[in-house]
Number of protein chains: 2
Amino acid sequence: MATLRDVAKAAGVSVGTVSRVLNDSPNVSEAKRELVLKVMKELDYQPNFMAQNLGRKRSQTGEFGVVITGIDNPANAEMVRGATEEATKHGYTVMLCTAWTTQEIKRYLEAFIRRQVEGVAVASYMDQRTLLTVAELQTRGIPLAVCIDAEWPVAKGGKEHNFDGIATVAFESASTCEQAVQYLIALGHQRIAIIAGNAELNEADPRVMGYKNALQKAGIAYDRRLIFRGGSDTIMTGYRSMQEILARGRGISAVFGFNDLLAIGAMRALHEAGLRVPEDMSIMGFDNILMSGYVNPSLTTINVPKYEIGRDLIKQLVGVINDEPISHECLGTNFVVRQSTGLAPGSV
Amino acid sequence: MATLRDVAKAAGVSVGTVSRVLNDSPNVSEAKRELVLKVMKELDYQPNFMAQNLGRKRSQTGEFGVVITGIDNPANAEMVRGATEEATKHGYTVMLCTAWTTQEIKRYLEAFIRRQVEGVAVASYMDQRTLLTVAELQTRGIPLAVCIDAEWPVAKGGKEHNFDGIATVAFESASTCEQAVQYLIALGHQRIAIIAGNAELNEADPRVMGYKNALQKAGIAYDRRLIFRGGSDTIMTGYRSMQEILARGRGISAVFGFNDLLAIGAMRALHEAGLRVPEDMSIMGFDNILMSGYVNPSLTTINVPKYEIGRDLIKQLVGVINDEPISHECLGTNFVVRQSTGLAPGSV
DNA sequence: CTGTTAGCGCCTTCAG
DNA sequence: CTGAAGGCGCTAACAG
């Protein structure tokens, strides 16, 4: 493994000059630059990354760390795509970590810090605990960008967190959820259940907020027994939650899955139970993953700008690195009506 | 940012001692160890990763790099899960890179090398070019593990590659594909099309081999016009390919998608065209992603041990690091019959 | 424009 | 068991 010193010696110049051509310094004569470049090639010289960044004040690793919770959710994959493409555009590389628990996220965050990535983006909806963990990064001086629900965090009783030092990309979903639930109500649905998966269930969740608002405006009482948690955001959980709903049988005619995977799993359970969607039960999801347009029946859902979120997270990180002021952005969501929702049974 | 020297000074010991406790050397008295640990905590000391690995002969970064092509394919996500869990078990962390092109893969591989990961696993089916790129890693002395088709590479005319220095996890799919196609033939299907997505189409592809073998044994002529490529392994491509198949109308009654995403997209196109699966057309996939059991109708497919592949890739890397001999492994696949395949129309 | 000289923060011999 | 000294490969001031 040739070193910078070897190159200098072989080229008959000083290490300083070699270092300069390595770092594209303009203060090198074209002749020497070419000479050095040639020698580097001959010796198959590879700069030592560790050594390079050891002596630098602000390390330039050319890498961003991106954390997502659950690679198995296509919605996350889409955010990663946005982040990766944007990073590439700026000459950065994305290191991805998939962590399922707060514990793991913390571990990976530490790995990123050690590796001195130039910024970290968290491209998944986080709960409070996770956010606090992530926020520590600020103190280490690493630019941070997170994706949050627009109305979050306002959980009563929860610790408020100050986002001053953190770039955020938020998406507004409460009003869209409200609109979606109003749509279900307009179709005659009175008892609308929620399959919440792994979501933290508190009044702060924009989806819950939208749901409650719609109910209230329609004069329908909020019944918390209609909310089903399942512990994870997977198809399987959606499937099981629907089985539970069916077993309980509370006259529910519509179900709002907090993500599309949950909703798709729910539809499967319905199918196996011999029930039709939407004739017997309406199903609505959240995220609008690609798959949702291709399942049968296609899924009515709320579209979240996943690609854009990933992209803007990186955009903001790049901004911070270039000493631009930290910014906060809010993207919209929209309701996508497809075939999994219809008139409530008997409401013709 | 406190340094090792600061800790030594504050604790009244030498840097050597601090370094020793940092590296869990047994040659430190319990008293000093505790003292140093305490001081470290007080000073919030964080060892400098770059400095640590600079002076070491064999760097211990505690990280593996994993490359996948397309995070948007749940099959890949599953392999990543296997890899991540296995790595965690051994105290390693996984850095993931999602690259779509050989070009990108190369870039990421270089990033991994620079970062001195302790091993690299490629957890996607690769084509020849990509493999050659990846193989360069060997020359840099970084342990490498790749996932390959069992019969690959044997493409006629293609450069043979020597896998001696590379740990491999292969999966046997030709015979399973053959069995699957035989099943379709037994159901009365004579013209069976293939939606190949982005696969390299050559005789070496085990899936193609299995397909041709089955046809031959049944005395059905191989017609290459029945093979539809689409350029990518996505739902969208499956959807479009099926539209193409429908437009051509060659009396095709069954379609074999080279991955489940392709098959699911194809089913959607059928649905929109007013055709029923499997009554009008049988559909079969490959991979057995979780979703396949939940779409409607559920998808008949070939199960690939995705989790196990990811897991074993890391297992082998760990083995190489521990100076065990490089190994080659072959996992099996199996045919999963569900509801998307049935009797050929008119063959009752 | 170029060469020289200190370190960067840590590990790793060595003596003791 | 402990301390002291000498780099690891490179960048970053400096002088010239």
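The figures that follow rest on heavy atoms only: side chains count, while hydrogens, waters and symmetry mates do not. Note on naming: letters A, B, ... go to the chains in the order of the sequence lines (proteins, then strands), and numbering restarts at 1 for each one.
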Write down the distance between [atom1] ([X]) and [atom2] ([N]), rounded to a whole number of angstrom.
{"X": "N48(A)", "N": "dC8(D)", "atom1": "CG", "atom2": "P", "value": "12 Å"}
{"X": "L4(B)", "N": "dG9(C)", "atom1": "CG", "atom2": "C1'", "value": "7 Å"}
{"X": "L54(B)", "N": "dG7(C)", "atom1": "CG", "atom2": "P", "value": "17 Å"}
{"X": "R5(B)", "N": "dG6(D)", "atom1": "CZ", "atom2": "P", "value": "14 Å"}
{"X": "R20(B)", "N": "dG3(D)", "atom1": "CZ", "atom2": "P", "value": "8 Å"}
{"X": "F49(A)", "N": "dT11(D)", "atom1": "CZ", "atom2": "C1'", "value": "14 Å"}
{"X": "Q116(A)", "N": "dC8(C)", "atom1": "CD", "atom2": "P", "value": "15 Å"}
{"X": "R56(A)", "N": "dG9(D)", "atom1": "CZ", "atom2": "P", "value": "17 Å"}

Side-chain ion pair, E110(B) and K106(B), N-O less than 4.0 Å: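 Salt bridge absent between E110(B) and K106(B).
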Test your reading of the model: is there a side-chain donor-acceptor pair from N76(A) to the backbone of I68(A), 3.5 Å cut-off?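 No; judged by distance alone, with no hydrogens or angles, the pair does not exist.
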With a 3.5 Å distance limit and no angle check, can you tell me whether D6(A) reaches the backbone of T3(A) through a side-chain donor-acceptor pair?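 Side chain of D6(A) to backbone of T3(A): a pair is present.
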Indicate whether OP1 or OP2 belonging to [N] is found under 4.0 Å from a side-chain N or O atom of [X].
{"X": "S19(A)", "N": "dT11(D)", "value": "yes"}
{"X": "N53(B)", "N": "dC10(C)", "value": "no"}
{"X": "T3(A)", "N": "dG9(D)", "value": "no"}
{"X": "T17(B)", "N": "dG3(D)", "value": "yes"}
{"X": "Q52(B)", "N": "dC11(C)", "value": "yes"}

Please tell me whether E85(B) and Y307(B) have a donor and an acceptor in their side chains that are separated by less than 3.5 angstrom.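 On atom types as modelled, these side chains qualify, holding a pair under 3.5 Å.
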Check each residue of residues 26-44 of chain B for a non-hydrogen atom within less than 4.0 Å of any atom in DNA chain C, then write out the ones that pass by number, or none.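 Those residues: none at all.
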Closest heavy-atom contact between L22(A) and Q52(A)?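 Nearest pair, atom of L22(A) first, then Q52(A): CD2-NE2, 4.0 Å.
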For R107(A) versus T93(B), what's the shortest heavy-atom pair and its separation?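 Looking at all heavy atoms of both residues, the closest pair is NH2-OG1, 3.1 Å.
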Determine the contact category for V13(B): base if any of its heavy atoms lies under 4.0 Å from a base atom, sugar-phosphate if only primed atoms, P, OP1 or OP2 are that close, otherwise nothing.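 Sugar-phosphate: the residue V13(B), judged by heavy atoms under 4.0 Å, touches backbone atoms but no base.
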Please report the C-alpha distance between L4(A) and Y45(A) in whole Å, then the side-chain angles of each, then the deciding distance to 0.1 Å, and finally whether the side chain to side chain contact (heavy atoms under 4.5 Å, CB included) criterion is met. CA-CA 8 Å; L4(A) 184 146; Y45(A) 168 70; 3.7 Å; yes
